[in-house]
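Working notes for the structure below.
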Amino acid sequence: MTVGERIRCEREYLGISQTDLAKKVGVSKQTLYKYETNVITNIPSNIIENIATILNISPCVLMGWDTEQIHTYHLSSREEMLLSDFRTLNEQGQNYILQTMDMVKDKYKKSNTLSNMEEII
């Protein structure tokens, strides 16, 4: 994983937009985009430090020198609540939740099919 990819992953995990992070760091959105997409790979150390501070991680993590985990996904607050509550349950409670999930997931699953309008176009 590159420095830019680590910046993007952590920014997305925290739910911060490129525009907001760029403003806080003091660079343009286009410059931040170039960092994240590795168009610019020689990011000044003061910018790395600012980004790390805003993302609440070590500059060593952004640089890939530390083995601390980078967040590669973003959980919504509802997902975080579910996961947190699930972890407080004993094995029997967790199994009950998983069984309940199996019973309701097909009935309430989000549709992945195209809408009628998308099919026409």
Side-chain angles (χ1 to χ4, degrees):
M1 186 178 276
T2 67
V3 174
E5 290 169 332
R6 285 188 283 275
I7 292 170
R8 180 186 48 78
C9 286
E10 201 63 24
R11 176 183 60 75
E12 289 177 349
Y13 174 79
L14 295 172
I16 301 172
S17 70
Q18 277 186 334
T19 302
D20 288 342
L21 182 57
K23 284 180 186 175
K24 291 178 182 179
V25 172
V27 298
S28 69
K29 180 183 174 187
Q30 292 78 11
T31 298
L32 182 63
Y33 171 81
K34 289 176 182 179
Y35 293 160
E36 291 185 355
T37 58
N38 301 304
V39 173
I40 298 175
T41 56
N42 189 18
I43 304 170
S45 60
N46 64 318
I47 299 295
I48 290 288
E49 287 183 45
N50 288 346
I51 292 171
T53 299
I54 293 163
L55 298 178
N56 197 30
I57 58 174
S58 162
C60 293
V61 171
L62 280 184
M63 296 302 295
W65 301 332
D66 194 334
T67 58
E68 184 179 322
Q69 176 65 37
I70 287 288
H71 298 101
T72 56
Y73 54 88
H74 174 68
L75 295 178
S76 70
S77 59
R78 292 172 67 181
E79 290 167 329
E80 287 178 357
M81 179 191 71
L82 286 169
L83 183 57
S84 177
D85 288 348
F86 183 82
R87 288 178 173 168
T88 65
L89 301 173
N90 63 22
E91 186 176 356
Q92 183 181 3
Q94 289 180 354
N95 287 337
Y96 180 77
I97 294 298
L98 293 173
Q99 289 170 355
T100 304
M101 180 69 75
D102 282 340
M103 289 187 304
V104 300
K105 69 182 177 184
D106 289 332
K107 182 175 181 179
Y108 297 103
K109 185 178 281 189
K110 291 181 181 178
S111 174
N112 290 332
T113 60
L114 297 175
S115 70
N116 291 338
M117 186 58 127
E118 291 171 321
E119 291 174 337
I120 294 170
I121 298 172

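Please read these numbers as outputs of a predicted model, since none were measured by experiment.
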Which side-chain N or O atoms in residues 41-52 pair as donor and acceptor under 3.5 Å with protein atoms at least two apart or in another chain?
unit_1: Asn50; atom_1: ND2; unit_2: Asn46; atom_2: O; d: 3.4

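Residue pairs meeting the salt bridge (Lys or Arg N to Asp or Glu O under 4.0 Å) criterion with at least one partner in residues 18-28, sequence neighbours excluded, do not occur; the list is empty.
If you take CD1 on Ile16 and CD1 on Ile7, they are separated by 12.0 Å, rounding to the nearest 0.5 Å. Here the CG-CD distance, from Asp85 to Gln94, works out to 11.5 Å after rounding to the nearest 0.5 Å.
When all heavy atoms are compared, the tightest approach of Tyr13 to Glu80 is OH-OE2, 4.3 Å. Taking all atoms of both residues into account, the shortest heavy-atom contact from Leu32 to Arg11 is CD2-CD, 4.5 Å. Taking all atoms of both residues into account, the shortest heavy-atom contact from Arg6 to Leu62 is NE-O, 2.6 Å.
Within 6.0 Å of CZ on Phe86 lie more than 12 heavy atoms contributed by other residues, nucleotides or ligands.
Side-chain contact between Tyr96 and Leu89 is absent, with no heavy-atom pair separated by less than 4.5 Å. Looking at heavy atoms from C-beta onward, Thr37 lies out of side-chain contact with Arg8 at the 4.5 angstrom threshold.
When the options Leu55, Asn56, Val61 are evaluated for a side chain to side chain contact (heavy atoms under 4.5 Å, CB included) with Glu10, the one that passes is Leu55.
Put simply, Met103 and Ile97 are part of two different groups of oily side chains (I, L, V, M, F, W, Y) that touch within less than 4.5 Å, one to the next. Both Val25 and Met63 sit in one connected hydrophobic cluster of ILVMFWY residues. Membership requires side-chain heavy atoms under 4.5 Å apart, directly or through other members. There is no path of hydrophobic side-chain contacts, each under 4.5 Å, that joins Ile54 to Tyr33.
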